[in-house]
Number of protein chains: 4
Amino acid sequence: MHFASDNWAGAHEAIAENAVRRNQGFAAPYGKSDLDRTIETTFNDLFETEVDVFFFVTGTAANSLALTCANRPGGVVFCHSEAHIRVDECSAPEFFTGGAKLESIEGPLGRLTPDSLASAIAHVRGGGLNAGQPMAASVTQVTESGTLYTPEEVAAIAAVTHDAGISLHMDGARFANAIAAIGCTPAEMTWKSGIDMLTFGGTKNGCWCAEALVIFRRDLAAQVQYLRKRAGHTLSKSRFMAAQFEAYLHDDLWITLGRHANAMAADLAGVIGADDRHHLRLAWEPQANEVFAIGTAAAVEALIDAGVSLNRWQAPRAERHLVGDGEQMVRLVTSFATQTSDVADFAKALARL
Amino acid sequence: MHFASDNWAGAHEAIAENAVRRNQGFAAPYGKSDLDRTIETTFNDLFETEVDVFFFVTGTAANSLALTCANRPGGVVFCHSEAHIRVDECSAPEFFTGGAKLESIEGPLGRLTPDSLASAIAHVRGGGLNAGQPMAASVTQVTESGTLYTPEEVAAIAAVTHDAGISLHMDGARFANAIAAIGCTPAEMTWKSGIDMLTFGGTKNGCWCAEALVIFRRDLAAQVQYLRKRAGHTLSKSRFMAAQFEAYLHDDLWITLGRHANAMAADLAGVIGADDRHHLRLAWEPQANEVFAIGTAAAVEALIDAGVSLNRWQAPRAERHLVGDGEQMVRLVTSFATQTSDVADFAKALARL
Amino acid sequence: MHFASDNWAGAHEAIAENAVRRNQGFAAPYGKSDLDRTIETTFNDLFETEVDVFFFVTGTAANSLALTCANRPGGVVFCHSEAHIRVDECSAPEFFTGGAKLESIEGPLGRLTPDSLASAIAHVRGGGLNAGQPMAASVTQVTESGTLYTPEEVAAIAAVTHDAGISLHMDGARFANAIAAIGCTPAEMTWKSGIDMLTFGGTKNGCWCAEALVIFRRDLAAQVQYLRKRAGHTLSKSRFMAAQFEAYLHDDLWITLGRHANAMAADLAGVIGADDRHHLRLAWEPQANEVFAIGTAAAVEALIDAGVSLNRWQAPRAERHLVGDGEQMVRLVTSFATQTSDVADFAKALARL
Amino acid sequence: MHFASDNWAGAHEAIAENAVRRNQGFAAPYGKSDLDRTIETTFNDLFETEVDVFFFVTGTAANSLALTCANRPGGVVFCHSEAHIRVDECSAPEFFTGGAKLESIEGPLGRLTPDSLASAIAHVRGGGLNAGQPMAASVTQVTESGTLYTPEEVAAIAAVTHDAGISLHMDGARFANAIAAIGCTPAEMTWKSGIDMLTFGGTKNGCWCAEALVIFRRDLAAQVQYLRKRAGHTLSKSRFMAAQFEAYLHDDLWITLGRHANAMAADLAGVIGADDRHHLRLAWEPQANEVFAIGTAAAVEALIDAGVSLNRWQAPRAERHLVGDGEQMVRLVTSFATQTSDVADFAKALARL
């Protein structure tokens, strides 16, 4: 019963196979092979516009270099206080940008709002030179709380962002889950709603190590090849990266996998919601492939003992009031590799408490 | 009526004169003149222990390199949400440290507490590798809210800091005002209470541009000469810096000046406290040379029109509730150059509203 | 006839297969799976001592973070003027170290000598604070000119390095070729000869993207996990890296592959040496898997037209005199994937000129 | 007999006095005082065009931030192998630019030529992405060998620089000596000859600590206020800097002082040239305020014993052949503070050998 994270799964069979298949013979290195070029253009089709795309082996690298594209000295990036870029990347964004500040914005369920963003920007602007200068905002889609932004919500945030003369980044580590859940097109979710740079995640949804930084504004993309090389992130046998994306994008495999993970999470939430003995309750309704629940410490302990792999979760500031004394928030994540039987096993373990 | 900040004053006459006097003849550059060496040892006497001392022309530089001494990759510095290093130095600390994160701690009147610090450290530790690693804490003395830490309070914070295996920095941009107000020795306020690195400010208290980074642990000081040179902060005619400190420390001029500024602030607070028509009220009792007050927007406007130079102040989060609708918080700062007549003029302006 | 570089080949079949095999089921991410742990200990056996080992997807990343381990502010790294770290990594080492200087040392056939190194170190020391401080030396094994250092030569360089109080790094992008050519043990080539940090390359010799930073001094290794994470180089599905090394090291596959590549290069050199019409001549004797040759521009052009993939090579300063007017130096590289028939085809192409 | 360097002198009396005079009363900090604004416009007059000007306390800071204005990831700066920015600034330029590479160009008497520059740029371009990207060239005027570029020579270098799409910086630590020697206008020496950014030095020519970064292209200047603040180089009592420049520029004091220093150097060279016992000979003709001479080690020793303060000089690579066995090159520098009697004393000391 593996619900600790979606990166505990290996690579999807079709992706691994394609990597092996594309491994035959000789090919130009450093992104210059025919396959590299072909897959790059596939992204144009996917996003219905001409994009610049750069492959990375981690989301941390893609996110950090995305922000570096928008960099300004003394730059300030606005993001949710729980944003992965702020609390889970060991200061990589700060490092690559030469010390940009990632300014926390509080808000319920992991989401920025146009108002909270506008207020944070105004606060920095009020500080003058001392406070540095706004340079970007970043939203996570699916958020760190497993919730979603609608394209309309993204557009409203983008309006504030662009009014302030800064760029908007989307950390789409779970972009597939978001698209599968919302049903809009990738274009609608991104540039049509004002996103300037997207981290298009593959690793959490069936790739081995494949994230694409997709940039919708040519000026922001101009230096990425140098930034990536200088970061040691330009793989020589780059076709290995391209081959993963080839399979991932083929026949919408990525959406199929995201939809499956979401469905498993919905089932899991159903099991928890049906626990009428209340050992565990949903902290809030899941919208994609992450389920947040609250239970007594004893119940959580017992589930772990029963073989459930999950994460004890430090409740976000805005949701801390939901957790009672002696209670524990937990996060359960499903993936392309989660099976119906895993959920059934979990249900049994819960029933046995 | 100059109360905008203590850096609007020029240099104290004795300091300017000494700089000119020490300007005669030839001397070895880059900190190697006899005067440089002599003044460095003066700091040993001042702090009753052997210290390493490095001169800087700005507090931002001294603070940033202090933190760099304690640097670790993915390092996290803990400080108050209003700390100058976090919000007023254009990300210089983040820049010099290669991207350290300055983690905000909320708390009343600009102060950290042992509990709030311990909790913030624990939160980062709980995040594992992703969250980076604690590297230092920093307290500001006088705080950004014009309040003080007693040596006992510093010691309690130091205990938490050192238990966590990290270093404690004190931003003493207004160290003289603190010493003058509390009456303890510089040693008691710093290394005897657990401070590892001190930014000993001179600029705001009568120097032209003179801050001393004083380090109480030899291991932390080992690389500063290289850090300073690499930062472009090693003045060739370094005796100019030494000469400022020579005069500043001579016969406790620095404490005398700090005491004067504090007295002027107390007078100013008295004037405001005595305003029985309540155009302005004290936000809280000043403890050094900064007075925070709250008034109607109209009253503030009128005072400025009457020639009072002050700062409209964004109320700190923990004190936001003090400011009513239509009200404005302001900060008034006194300095060595403030005169009794300035306070009297202010009283008249206030009375005339 | 692919002789452009050893990174044009894909992954060796055994390595690709093992990556797929290890891809089954769930495993802890971020280097915490059983496989990660197991393979790390395999390196202890390989080097006959306890080492710290960290996996990277590029040599640039491994080299850069190796040097960062030895970092000092204003630090100077000594390396050959042709060193990959100096001229082929887009300033990644400079970036990750916060601006270390890579000081060029000239010398024949890509090699440092104890004397040239000692002289360069002395020159920097003579410059005092202004010149910064020595921090490391780096040798490339196989060198950028396809030549080798014997363990005795490494030891002599290490003696100079350590006398200067700095660390010695070996860029072993082609370490397998070196070991195969020299026949000593990995331990003899590295820590027994004074190497402190090794970039143990896998990518150029049959891996997809696998380089191991092997550190022989615990103190230098202390911060690497943070440095790697902050660089965006900590893969979540890290077992993919471990699986490559598992196969690479199994039954000395790495040495077998290196030996094969070397043999192919020797054959190729034999073909060129036997060209009694002198369209092409050996620039110097190859010692591993790279052949440097000189020919008329016309001959080089004709070979390329005949389908030979090779690199026109800018002759190193020390070897520039070997290249006559109208001549061109070229580099031909063999790999695990080069076949006898490739060499035979090359021989035919050469004969047909 | 102080000839060690021009930074052994204090500040010129008129400059010190003006700093004291401008020290009266209150003034807005951080470059916003009336005096700051006035002096900034004085630079427009001086250069006969609208410039952006930023004050710094060291040349290292001004040079480093000048290069940062032209920064590109993986950027390469081209300069002479003896350039101060390359060998005497403890890697500050590399640090501030996030790791730019300062590529050495060899050449006689400290000078770049259009050909040597073009060849170095071509070499880097030939290396592709791996080699990074050219970003700037930098010339030193007066050069590190005490020689000069004519405006025509600068223009020829600028043509190569701009053809390559990069910017041209002039390190004018001794700009006054150059202008005094050549007799052209500051405009002719700089933007009219293609200079994009100038470090206009004051410290070595009579200021306490005053360097102006003068930028002739608005686009390059856009971020300097943030870069300077983030570097801790924005002085709060900035009028202290402005006051130095006010006096320095008043009535062409700066040129007068430079002319005096040059005249003293010419006298000194005359003394050495007249030494018919050949204890010391001129290494080459001085062109400004630095005299390079060669003597026996014994003669140099004896001069030092006689009270002559000078620098033993490591001969530049291109001039190493001038120094015989047992000989030593020395550098003697004159300044605004050098007096005729100093030269006479030196002549006596030399005669007494």
Side-chain angles (χ1 to χ4, degrees), chain B residues 2 4-13 15-17 19-20 22-30 33 56-65 89-96 203-204 207-209 211 225-241 309 335 337, chain D residues 2 4-13 15-17 19-20 22-30 33 56-65 89-96 203-204 207-209 211 225-241 309 335 337:
Chain B
H2 285 284
S5 186
D6 27 15
N7 56 25
W8 282 62
H12 186 272
E13 194 173 50
I15 293 167
E17 271 171 16
V20 173
R22 287 304 195 178
N23 183 38
Q24 310 303 319
F26 292 81
Y30 299 122
S33 78
F56 290 91
V57 293
T58 68
T60 293
N63 285 336
S64 296
L65 293 202
E89 301 192 339
C90 199
S91 298
E94 290 92 337
F95 173 69
F96 279 107
T203 310
K204 286 182 155 68
C207 291
W208 251 322
C209 51
E211 308 280 312
Q225 64 169 335
Y226 290 100
L227 292 170
R228 184 172 61 174
K229 181 82 190 175
R230 191 179 69 172
H233 277 286
T234 302
L235 267 62
S236 59
K237 298 181 181 176
S238 49
R239 58 174 148 159
F240 168 67
M241 299 298 291
S309 165
S335 75
Chain D
H2 286 283
S5 187
D6 28 15
N7 55 25
W8 282 63
H12 186 271
E13 195 172 48
I15 292 166
E17 272 171 15
V20 173
R22 286 305 195 179
N23 185 36
Q24 310 304 318
F26 292 82
Y30 298 122
S33 78
F56 289 92
V57 292
T58 69
T60 293
N63 286 335
S64 296
L65 293 202
E89 301 190 340
C90 200
S91 298
E94 289 92 337
F95 174 69
F96 280 107
T203 310
K204 285 182 156 67
C207 292
W208 251 322
C209 51
E211 309 280 311
Q225 63 169 337
Y226 291 100
L227 291 170
R228 184 173 61 174
K229 181 81 189 176
R230 191 179 68 171
H233 276 287
T234 302
L235 266 61
S236 57
K237 299 182 180 175
S238 49
R239 57 175 147 157
F240 168 67
M241 300 297 292
S309 164
S335 75

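Per chain, numbering begins at 1; letters A, B, ... match sequence-line order. All values below were derived from every heavy atom in this structure, side-chain atoms included, with hydrogens, water molecules and symmetry-related copies excluded.
The most heavy-atom pairs under 4.5 Å with chain B, out of D:C90, D:S64, D:A62, come from D:C90. Contacts with chain D were tallied for B:A27, B:C209, B:A16; B:A27 has the most, counting heavy-atom pairs under 4.5 Å. With chain B as partner, the option from D:A11, D:A4, D:S91, D:G59 having the largest number of non-hydrogen pairs under 4.5 angstrom is D:A11. With chain D as the partner, the residue from B:H233, B:E94, B:E17, B:Q24 showing the most heavy-atom pairs under 4.5 Å is B:H233.
Within the 4.5 angstrom heavy-atom criterion, no atom of B:R22 approaches chain D. Of the atoms belonging to B:S5, not a single heavy atom falls under 4.5 Å from chain D. Neither the backbone nor the side chain of D:S309 comes within less than 4.5 Å of any heavy atom of chain B.
Ring-plane geometry between D:F96 and B:F96 is classed as perpendicular, the angle between the planes exceeding 60 degrees on a 0 to 90 degree scale with a lower cut at 30.
Here the shortest heavy-atom pairing between D:K237 and B:D6 reads CE-O, 4.4 Å. The shortest non-hydrogen separation linking D:A92 to B:R230 is CB-O, 3.0 Å. Of all non-hydrogen atoms in D:A61 and B:G232, the two that sit nearest each other are CB-O, 4.0 Å.
Interatomic distance, CG of D:N23 versus NE2 of B:H12, reported as 10.5 Å (0.5 Å rounding).
With sequence neighbours excluded, no residue forms a ring-ring contact (aromatic ring centres under 6.0 Å, His included) with B:Y226. Legend: residues meeting side chain to side chain donor-acceptor pair (under 3.5 Å) with B:S236, ordered by chain and number and at least two apart, are absent.
The only member of D:N7, D:T203, D:T58 that meets side-chain contact (heavy atoms from CB on, under 4.5 Å) when paired with B:L235 is D:T58.
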After noting the C-alpha distance and the side-chain angles of B:V20 and D:W208, does the key distance pass the side chain to side chain contact (heavy atoms under 4.5 Å, CB included) rule? CA-CA 10 Å; B:V20 173; D:W208 251 322; 4.0 Å; yes
